[in-house]
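Structure, as structure tokens:
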Amino acid sequence: MTSAIPIVDLEEFNLTKAPEDVSDDVQRQLAAQIIDAFSTVGFVGLTNYGIPQDKDPSYFKNQHTNCRFSGTRCLNYPAITSHAVRLLFKDIKPNQIRCGEHSDYGSITLLFQDDVGGLQVAYLFNLRTRDGQFVPATPKTGTIYVNVGLLLQRWTSDKLIATVHRVVIPEAPSDREKVRMSIAYFVQPDPDCLVQCLDGSDKYEPITSLEFLKMKLKATYPE
Ligand SMILES: O=C(O)CCC(=O)C(=O)O
Ligand SMILES: [Fe+2]
């Protein structure tokens, strides 16, 4: 079965203007269309990867009926001109960080990136010791990049490992002199969904989706 991926036509929103010159209403309409598109695409193609055969294929879909706790983040990484480099930085080191290494919290993340590059994912040689190295997640036109989140790792008792990723400043001056934009949609199961190991093991304590999200947010943003 194929499902059409909704298209948000940015032309309508005249994004050639500076963000402060686009009215709040237009920005709100655009955000609403993007969120709507993400929640329509929903939870794609996850059955059969670490998910027991006896699970109803709609099992995950049924745990994602309410997108109120899923989040959208629009990221704008400013251009770094040679002039700014001379003024502000002595030099830009290879792999200088723009967004530090982390894994996302939810079940999956759908990420749209432009063609500037810089996103890297950890390729783990050894899952136990977590030895590995960062490799580029090169942008491909017409594709959505998907991360496995920490909650899905817990759900599948580590059969699916949460993607460790980061964003670095591109090495080529022609790339870092461009603005980089990405849009991430963090898919979160329904708040009261009880996430317990699908293989029946007790590797992780059962926890509701909302409790897990709260725990992660609290650790990231302590009061
Ligand atoms: O900007 C990107 O490509 C990645 C952003 C990201 O990983 C995040 O917001 O969690
Ligand atoms: Fe992320």
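Here the structure is a predicted model, which means the values were calculated and not measured. We count ligands from 1, going down the list as the structure has it; atoms in each ligand are counted the same way. Numbers here simply count residues along the sequence, with the first being 1.
Between Q188 and S209, the shortest heavy-atom distance links the atoms NE2-OG, 3.2 Å.
The closest side-chain donor-acceptor pair between R154 and Q196, if any, does not fall under 3.5 angstrom. Donor-acceptor pairing under 3.5 Å is recorded for the side chains of T109 and D104. Side-chain contact check for D192 and T208: no donor-acceptor pair (N or O, by modelled atom type) lies under 3.5 Å.
When each atom of ligand 1 is checked for a heavy atom of Y77 under 4.0 Å away, the hits are 1 (O), 2 (C), 5 (C). Proximity to R73 (heavy-atom distance under 4.0 Å) selects the following atoms of ligand 1: 8 (C), 9 (O), 10 (O). Near L75, meaning under 4.0 Å from any of its heavy atoms, are these atoms of ligand 1: 1 (O), 5 (C), 9 (O). With ligand atoms numbered from 1 in the order given, ligand 1 contributes 1 (O), 2 (C), 3 (O), 4 (C) to contacts under 4.0 Å with heavy atoms of V167.
Side chain of S103 to main chain of L150: no donor-acceptor pair is present (N/O by atom type, distance under 3.5 Å, no hydrogens or angles). A donor-acceptor pair under 3.5 Å is formed between the side chain of H165 and the backbone N or O of T163. Although no hydrogens or angles enter the test, the distance criterion places a donor-acceptor pair under 3.5 Å between the side chain of D114 and the main chain of V116.
The shortest heavy-atom distance from H102 to ligand 1 is under 4.0 Å. Remark: distances from the non-hydrogen atoms of H165 to ligand 1 include one below 4.0 Å. Not a single heavy atom of R166 sits less than 4.0 Å from an atom of ligand 1. Using a 4.0 Å heavy-atom cutoff, F186 is listed among the residues neighbouring ligand 1.
Nearest protein neighbour of atom 3 (O) of ligand 1, counting heavy atoms only, is R180 NH2, 2.9 Å.
For residue C99, no N/O/S atom approaches the Fe ion (ligand 2) to within less than 2.8 Å.
Taking the ring centre of F134 as origin, the terminal cationic atom of R166 falls inside the region bounded by 6.0 Å and 45° from the ring axis.
D104 has its closest N, O or S atom to the Fe ion (ligand 2) at the position named OD1.
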Might you work through the side chain to side chain contact (heavy atoms under 4.5 Å, CB included) test for F186 and S107, ending with a clear yes or no?
CA-CA 8 Å; F186 304 100; S107 31; over 6 Å; no

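Residue contacts with ligand 1, taken as heavy atom pairs separated by less than 4.0 Å, involve D104 solely via side-chain atoms from C-beta onward. Contact annotation for T109 and ligand 1: no heavy atom of the residue comes within less than 4.0 Å of the ligand.
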